[in-house]
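For clarity, every value in this text was computed on a predicted model and none was experimentally measured. All values below come from the heavy atoms of this structure, side chains included, with hydrogens, waters and symmetry mates left out.
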Amino acid sequence: MRKNPSLTARSVIEELGIEDIPSIDIADLIVYHNGIVNEKDLKNSDGRLVMKNGKSIVTVDSKIEFPQRKRYVLAHELGHMLLHSDHTASFTDDDTTLEGYKKGPQEKEANDFAAELLMPAEKFSKACERKKFNPQLLFDLANSFNTSITSTVYRYIDLGNHPLAVFYSKQGKVQYWKKSKFMYYKIPDINKLDVPRNSVAEEYYRFNTIYRNNDIQEIEKTTWFELGKYDNNTPMYEYCIITPRYNSVLSIIWED
């Protein structure tokens with residue numbers, strides 16, 4: 001029987017009586033659950049987990065620059081430990097699993113666990129209440145929960161109070177997209193294709209343009225979406241989070 005990722009994360013918090021979520025030391029939680037944590041130079045991965053006979057070894061890449069990213073990687077591996085410990089297994093995680101676009105239920109479950117552990121749904125939803133959306137809000141939430149900006153964006157899509165769509169591209173190709181349930185516009189079949197012309201993502205890949213200081217760019221709706229019968233090509237906004245480590249761009253799209 002498969003375990004529920006969110007319920008499992010909540011049980012970890014309740015069992016240990018954790019109240020200050022942002023201060024959770026995920027490495028300590030791994031040790032508490034019979035794991036060992038190493039940090040070393042990994043090739044082509046952010047995290048690695050080996051499980052056998054109820055014991056686990058977690059390794060996180062020492063080259064990861066931001067502690068919030070390492071924190072998420074560790075939470076993801078802890079999710080594997082608690083959700084998928086019924087047999088000997090090993091997991092190697094990189095942007096394809098940690099960004100959520102690689103197929104397979106175990107990776108999605110580990111991401112769902114990490115999201116609930118680090119950004120509990122009730123607390124995150126409350127933190128979004130009555131706040132007008134702009135990119136700075138995402139950074140404020142990430143700072144408040146001590147989480148990576150990318151994981152915060154995905155959590156906002158599920159729990160935030162303003163419709164968003166995000167497109168994750170790598171090496172100039174769209175890899176994955178996700179949108180809020182109230183973002184009704186149709187997204188064309190663009191996976192594995194070049195990022196759209198006239199998008200902010202294209203500016204980065206073609207001209208190495210990086211906008212600073214939350215500089216929001218106006219785009220047309222047809223840049224990323226297909227117009228429906230009654231839709232107008234009204235302005236939308238694109239803000240990009242660029243990760244040179246992966247040559248990746250997370251395009252955040254919304255309208256007023």
Side-chain angles (χ1 to χ4, degrees), residues 44-47 61 64-66 68-73 75-76 79 92-112 114-115 118-119 133 135 137-139 141-142 147-160 162-181 183 185-206 208-211 214 216-217 219 221-226 236-255:
N44 303 316
S45 66
D46 284 347
D61 186 16
I64 297 176
E65 181 179 358
F66 299 105
Q68 293 82 4
R69 177 68 173 182
K70 288 183 180 179
R71 197 164 177 263
Y72 186 83
V73 172
H76 179 98
T92 299
D93 292 300
D94 56 16
D95 63 307
T96 65
T97 56
L98 297 165
E99 299 293 343
Y101 69 84
K102 186 173 183 178
K103 303 298 182 183
Q106 291 185 328
E107 297 304 339
K108 182 181 184 305
E109 289 167 355
N111 281 328
D112 289 346
L118 301 177
M119 297 167 281
F133 176 78
L137 174 60
L138 298 173
F139 285 95
L141 289 167
T147 48
S148 68
I149 185 62
T150 301
S151 63
T152 305
V153 170
Y154 286 123
R155 197 61 164 161
Y156 189 93
I157 286 179
D158 291 333
L159 301 175
H162 191 99
L164 301 181
V166 296
F167 298 84
Y168 180 80
S169 57
K170 186 175 181 181
Q171 310 292 348
K173 305 286 186 182
V174 178
Q175 303 293 325
Y176 169 84
W177 60 262
K178 185 176 182 180
K179 63 179 181 176
S180 305
K181 62 181 178 180
M183 174 71 81
Y185 304 122
K186 183 179 179 181
I187 296 173
D189 186 11
I190 58 176
N191 282 0
K192 309 306 179 184
L193 300 181
D194 291 340
V195 295
R197 294 297 303 271
N198 301 318
S199 65
V200 180
E202 188 207 29
E203 289 188 68
Y204 169 70
Y205 285 116
R206 288 189 67 190
N208 200 34
T209 301
I210 301 177
Y211 293 100
N214 290 348
I216 299 166
Q217 303 302 306
I219 59 172
K221 187 179 296 181
T222 51
T223 303
W224 289 99
F225 301 97
E226 289 184 2
M236 300 190 81
Y237 302 97
E238 180 174 356
Y239 177 80
C240 289
I241 297 171
I242 296 168
T243 307
R245 169 182 170 85
Y246 297 123
N247 194 22
S248 68
V249 178
L250 187 68
S251 296
I252 304 168
I253 315 296
W254 74 99
E255 62 184 344

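Inspection of the Y211 and E238 side chains reveals no N or O donor paired with an N or O acceptor under 3.5 Å. Side-chain atoms of D46 and Y246 include a donor-acceptor pair closer than 3.5 Å. In the model, T152 has a side-chain atom that pairs as donor or acceptor with a side-chain atom of T147 under 3.5 Å.
Within the 4.5 Å cutoff, the side chain of L250 has no heavy atoms near those of the C240 side chain. Between Q217 and Y237 there is no side-chain heavy-atom pair separated by less than 4.5 Å. Residues I149 and F66 form no side-chain contact, since every pair of their non-hydrogen atoms from C-beta on lies 4.5 Å or further apart.
When every heavy atom of K192 is checked against every heavy atom of Q175, the shortest pair comes out as NZ-OE1, 2.9 Å. In this structure, W224 and S251 approach most closely via the heavy-atom pair CZ2-OG, 3.7 Å. Nearest heavy atom pair, residue V73 against residue G47, reads CG1-CA, 3.8 Å. The minimum heavy-atom distance linking H76 with A114 is given by the pair N-CB, 3.8 Å. When all heavy atoms are compared, the tightest approach of I252 to L164 is CG2-CD1, 4.2 Å.
Residues satisfying the salt bridge (Lys or Arg N to Asp or Glu O under 4.0 Å) criterion with D112, sequence neighbours excluded, are K108. Residues that satisfy the side chain to side chain contact (heavy atoms under 4.5 Å, CB included) test with K70, not counting sequence neighbours, are E39, V60, I64.
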side-chain contact (heavy atoms from CB on, under 4.5 Å) evaluation trace for I157 with V166 = CA-CA 8 Å; I157 286 179; V166 296; 3.3 Å; yes

Test M236 against W254 for side-chain contact (heavy atoms from CB on, under 4.5 Å), laying out the working first.
-> CA-CA 6 Å; M236 300 190 81; W254 74 99; 5.8 Å; no

Applying side-chain contact (heavy atoms from CB on, under 4.5 Å), run through T209 and Y204 and close with a yes or a no.
-> CA-CA 4 Å; T209 301; Y204 169 70; 5.6 Å; no

Quick one: do R206 and D194 satisfy salt bridge (Lys or Arg N to Asp or Glu O under 4.0 Å)? Show the steps, please.
-> CA-CA 11 Å; R206 288 189 67 190; D194 291 340; over 6 Å; no

After noting the C-alpha distance and the side-chain angles of Y176 and N191, does the key distance pass the side-chain contact (heavy atoms from CB on, under 4.5 Å) rule?
-> CA-CA 6 Å; Y176 169 84; N191 282 0; 5.5 Å; no

Criterion salt bridge (Lys or Arg N to Asp or Glu O under 4.0 Å) on D158 and K181, from CA distance to verdict = CA-CA 8 Å; D158 291 333; K181 62 181 178 180; over 6 Å; no

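S199 places a side-chain N or O within 3.5 Å of a backbone atom of E202 that can act as its donor or acceptor partner. Using a distance-only test at 3.5 Å, with no hydrogens or angles considered, no donor-acceptor pair links the side chain of Y72 to the main chain of A115.
How far OG1 of T150 is from OH of Y168: 8.0 Å, rounded to the nearest 0.5 Å. Of the inter-residue distances, the one linking L138 atom CG with Y239 atom OH reads 9.0 Å to the nearest 0.5 angstrom. Atom-to-atom distance recorded for K221:NZ and I253:CD1 is 12.5 Å, nearest 0.5 angstrom. Separating the NZ atom in K179 from the CD1 atom in I187 is a distance of 5.0 Å, to the nearest 0.5 Å.
Ring geometry, F133 versus H162: the interplanar angle falls under 30°, so the pair is classed parallel (tilted spans 30 to 60°).
R69 and D61 are not joined by a salt bridge, as no carboxylate oxygen comes within less than 4.0 angstrom of a charged side-chain nitrogen.
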